[in-house]
Amino acid sequence: MVVVLIAIVAVILLIAVVLLVRRREPDTLDSFRRQIDALSPEARRPVVDQVQQIDEAGDADAVTDEPSVADDVDDVNGADDAAGDDGDPDEGTEGRADGT
Amino acid sequence: MARDLAIDLGTANTLVYMKGRGIVLNEPSVIALNRQTGEVLATGREAWQMIGRTPGYIVAVRPLRGGAITDFEITERMIRLLLQRVGVSRFTRPKVVICVPSAITEVERRAVTDAARRAGAADANLIEQPMAAAIGADLPIDEPVGNMVIDIGGGTSETAVISLGGIVALEAVRVGSFDIDAAIQNYVRREHGIAIGERTAEEIKMAIGSADPAHDESQAEVRGRDLMTGLPKTVLLTPEEIRYAIEDVVSSIVASVIRCLAKAPPELSQDFLVRGMYLVGGGGLLRGLAERIERETQVPVRMSNVPLEAVVLGAGHVIEHYDALKGMFMGARR
């Protein structure tokens, strides 16, 4: 009687393990497929559209905000200098957290 | 209900993408604090304008360096303020995906996720910047072909080969456009004897900086403080001087790209000759850099349409397809 019970439990356990393994295999495949599908051009369309919108907006800005550059010499300090940027490297590097 | 967020927490700039809305914030990663009280005085663009121009009791700092948190507490406060600005409150806690350099350590990773959670995120996951950049630059990474992306940021430069949604080869160096600015500062100090600030160095780089000679080059007039006399002084800088000043940094970036090419499997290597490499990140905008990489590697280099936003757009795509793409988070594959 005990032997029969042990055999039944063993068979049930075996079936459970087989079912678990079987369930896991398609899950891995399925999640990989879902990942690849989510990376497809169709899935990325909204992001791509946004990329194009930013690009178009950038082009429009480039037309309206043409930088003013002197004929041969760029004045990199510009008008900001009046605000007192004495270019102290210590001050500059202070803003860089570790001063590298 | 909070809308989930993707954050490109860069050394130079922080961009935030809100699910269903797109990019809602794009500001320098700078925070200005009162040194005495610890009170936050400004963040983002306002704080950036204070760098090098503050009285003694105010300090404007970049809490990230080389893509990693150098000051945990300040980073946490900066993230908290950013989240507040995009509508996150104590009662609306969104899921957050944060882009970080692939080369950061386990400790640095934990620092970023902890900072985001403590700042109000319900769940914080990390994604490698080159992977996000490849998605945002619209490369066909779902196909079994070699896609190569070079992301040059403020503090790191990363090159990755991506195929079938995964990173095949990766090379990262903790060198970026801030190192170019620092090289210019050091050169002007050493060769011309004048001190210039971080922002002035950046402006010189943008005005006449280049990695390869070009036809239409001009000189730049730079004002700084004479180290001998302490008086304001003006000097004229040429593009050749700047190229010489930044050569070490540029060479180091190009060398890392070459190392990544060498790591790529041969089957994917041949794809690069046809498809080229894609350059993203603010550092990639340096004049002549694409040409220099192309000349040294003999592989075509193409500039992304959105070099500054590619990373956050890629992370934004991940947040839009969170369940399908959560296997791409750092740590999920290991």
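Computed from a predicted structure; not experimentally measured. Each chain gets a letter, A, B and so on, in the order the sequences are listed, and its residues count up from 1. Because only heavy atoms are used, hydrogens play no part in the values below, and waters and symmetry mates are left out as well, while side chains stay in.
- Counting heavy atoms of neighbouring residues, nucleotides and ligands inside a 6.0 Å radius, atom OH of B:Y57 does not exceed 12 of them.
- Tested against A:L39 for a side chain to side chain contact (heavy atoms under 4.5 Å, CB included), the candidates B:V318, B:L164, B:I141 yield a single pass: B:I141.
- Heavy-atom neighbours of B:R302 CZ from other residues, nucleotides or ligands within 6.0 Å: above the threshold of 12.
- For B:L231, no part lies near chain A; criterion is any non-hydrogen pair under 4.5 Å.
- When heavy atoms are compared at a cutoff of 4.5 Å, B:A134 approaches chain A solely by way of its backbone atoms N, CA, C and O.
- With a 4.5 Å cut-off on side-chain heavy atoms, A:P41 and B:D142 count as touching.
- The main-chain N or O of A:R44 is never found under 3.5 Å from a side-chain atom of B:H321 such that the two would form a donor-acceptor pair.
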